[in-house]
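Okay, structure first, notes after.
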Amino acid sequence: MTNAEIAQLFADIADMLEIQGEDRYRYLAYRRAADELGQYPGSVEALWRDGRLEEVPGVGKTIATKIDELLSSGTLKFYERLRQEVPPSLIEVLRVPGVGPKRANLLWKTLGITDLAMLEAAAKEGRLKGVKGLGAQTAQNILKGIEALHSLGDRTLLGTALPLAETLLDALRQAPGVVQAEMGGSLRRRQETVGDIDLLCAAGDTAPVVQFFTELPQVRSVQSAGANKATVILHRDLSVDLIVLPPASWGSLLQHFTGSQAHNVELRSAAVAQGLHVSEWGITRDGVLTPYADEAAHYRALGLDWIPPELREAEGELEAAREGRLPHLIELGDVRGDLQMHTTWSDGTRSVEEMARAAQALGYEWIAITDHSRGLGVTQGLDVERLREQRREIDAVNDRLAPFRVLRSIELEILADGTLDLPDDVLAQLDVVVASVHTGQRADRPALMKRYLNAVHNPHVDIIAHPFGRLLNRRPPMDLDFEALVDACAETGTALEINGQADRMDLNGGQARYAMQRGVMISLASDAHHPDGLKVMSLAVSTARRAWLEPKHVLNAMPLDIFLAWLQR
DNA sequence: GCCGTTTTCGGCCCGACTGTTTTCAGTCG
């Protein structure tokens, strides 16, 4: 079973226990374990074979035993029994905004509702009003919630949400009395997709800011609005939360609403042990609240270094902050070159020189031009002859733009039979070889791994591009033995890419961190097809930061001479 | 069910908003 499948099963268990009204801490323990299993970078099955399941945070003796039963027999009796007691389809009802475990249980017991369709029918027929505790307004809200569920659908790409949030922040900064305005939540942590947008403001008088926000032209409907907080839906089907507090609490507010939830729970649990109580208003000691206007001061008061938002996932950052050993994360300004882009020689829309000048304007010292090789038919890929012609053009551009350097490269197709698209003697003449899989991605794991390992072991291949081949909301990742791929890369000195295309973000943060920890170098790529596309390097850097990467882990942070030396490794 | 700078037992983050069961439960982040 995949990590995701195991995690889903335990998440379902948590939901069913919660609907049953089980002890809060019991179902929270299952949910925590599910989250940790889902984001565990290695293979949970492999951990299980080694008898090391309890190394996963949140997995203790009981859950480890259940995973063992599940993986050795294929089923879990405890789960099967729960499915008899609680209709599994009731879990989807929990996704409706305004319906939690208590109401799901109530609707099931009183009206026999076991899935979303039945809930929708009952709401439309006015049958909810008869249930104790549900008024006409609640029935209306549930209907609206179901509609929202149908229309919202996919999560929003970071690359889509960021500019949208910037626009809203610009507007908020014009609101009466606003002295601070920033994004929070998963957006500030630069998660690759976000479920909603969180905006934070500081203002002396908070209510007028909330009102100003609910009246912005982008707003389609207002879900809730109070003195400090509002939730709205934008015309483009995206939910936005705004929280406004006085400036004295700005730092505490930022900390609280940047999350993640797991980070906050861990932070506050540790604080409680010291007799401190943390909220968005500040830190309470002996019943006295101290607000923090500065986020770093808020962390300092808890004995912690300021933690970059990208690290706030309860993945060891609190311990590192306590011990003063947080990483010095890579920044966009550390990037000296871009390791994947395309020109009119394949599927790009601009010449080598136009791309080079655009990169120069961004302050880069070097780039690699990586047009597709011939195997990818649709993109007019390069064969040996056209590659030779392109080389003359690149040489000429280098003469004109020196000391800026355009490296001769290629995005080399790893073919379905495992061979590479160009012969070794041709690859040997290139500065950098970036290899990738675009076809036959649905092949099974052994077939895919055979192809990848063959490419990694070729002495000319330097980088594997977008290793998983996923497209967010559109195409699942390939079924790889990632640990084996990382081992092979570590052994051969091959780098793995973080592709910054908004719908790729491949590797993701957890995967890149795992590779880094095993000594694999990481390459950052815009994969640009036109000059404007170079800017998504910022998304690749965000992902690199989520992976705890420092400049020393990243090929793009190398000055040209050092990078050229690395290529000779 | 998990876990340990105080703990192998007894805790487990905290506040805003809504609607309804007028004093608070349910939901959400």
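Letters go in sequence order (proteins before strands), and every chain restarts at 1.
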A:F10 and A:Y30 aromatic ring geometry - parallel, tilted or perpendicular at 30°/60° bounds: parallel

Sugar-phosphate, base or nothing in reach of [X], heavy atoms under 4.0 Å:
{"X": "A:V96", "result": "sugar-phosphate"}
{"X": "A:A262", "result": "nothing"}
{"X": "A:D23", "result": "base"}
{"X": "A:R32", "result": "nothing"}
{"X": "A:Y30", "result": "sugar-phosphate"}
{"X": "A:A271", "result": "nothing"}

Given atom [atom1] of [X] and atom [atom2] of [N], what is their separation to the nearest angstrom?
{"X": "A:W281", "N": "B:dA16", "atom1": "CH2", "atom2": "C1'", "value": "10 Å"}
{"X": "A:E280", "N": "B:dC13", "atom1": "CD", "atom2": "C1'", "value": "11 Å"}
{"X": "A:K229", "N": "B:dT27", "atom1": "NZ", "atom2": "P", "value": "16 Å"}
{"X": "A:E54", "N": "B:dG1", "atom1": "CD", "atom2": "C1'", "value": "12 Å"}
{"X": "A:R285", "N": "B:dC14", "atom1": "CZ", "atom2": "C1'", "value": "18 Å"}
{"X": "A:N264", "N": "B:dC12", "atom1": "CG", "atom2": "P", "value": "17 Å"}
{"X": "A:L107", "N": "B:dT27", "atom1": "CG", "atom2": "P", "value": "9 Å"}
{"X": "A:L134", "N": "B:dT27", "atom1": "CG", "atom2": "P", "value": "9 Å"}

Look only at the side chain of [X] and the backbone of [Y], and say whether a donor-acceptor pair between them is shorter than 3.5 Å.
{"X": "A:R475", "Y": "A:L472", "answer": "no"}
{"X": "A:T114", "Y": "A:L90", "answer": "no"}
{"X": "A:S249", "Y": "A:L245", "answer": "no"}

Selection from B:dA16, B:dC2, B:dC13 that lies nearest to any side-chain heavy atom of A:V272: B:dC13

Selected nucleotide, minimal atom distance to A:N141 side chain, candidates B:dG19, B:dC13, B:dC17: B:dG19

Below the 4.0 Å mark, does [N] have OP1 or OP2 next to a side-chain nitrogen or oxygen of [X]?
{"X": "A:T138", "N": "B:dG19", "answer": "no"}
{"X": "A:T231", "N": "B:dC17", "answer": "no"}
{"X": "A:N228", "N": "B:dG15", "answer": "no"}
{"X": "A:Q261", "N": "B:dG29", "answer": "no"}

G-U wobble or Watson-Crick pairing nucleotide for B:dG26 (cut-off 3.5 Å, both distances): B:dC17

Please give the distance between the [atom1] atoms of [N] and [M] as a whole number of Å.
{"N": "B:dG1", "M": "B:dT6", "atom1": "P", "result": "27 Å"}
{"N": "B:dC17", "M": "B:dG11", "atom1": "P", "result": "32 Å"}
{"N": "B:dT23", "M": "B:dG29", "atom1": "P", "result": "29 Å"}
{"N": "B:dG10", "M": "B:dT18", "atom1": "P", "result": "41 Å"}
{"N": "B:dT27", "M": "B:dT20", "atom1": "C1'", "result": "14 Å"}
{"N": "B:dC13", "M": "B:dG4", "atom1": "P", "result": "14 Å"}
{"N": "B:dG15", "M": "B:dT21", "atom1": "P", "result": "28 Å"}
{"N": "B:dC9", "M": "B:dA16", "atom1": "P", "result": "38 Å"}

First encountered from the 5' end of DNA chain B, between A:T284 and A:F78: A:F78

5′-ward residue of the pair A:A273/A:G58 relative to DNA chain B: A:G58

Residue pair A:E215 / A:Q211, side-chain donor-acceptor N/O under 3.5 Å: yes

Pair A:H263, A:E313: side-chain N/O donor-acceptor within cut-off below 3.5 Å: no

Beyond-backbone contact of A:L158 with A:L539, side-chain heavy atoms, under 4.5 angstrom: yes

Stacking of A:Y25 on B:dC12 base (centres under 5.5 Å, planes under 30°): yes

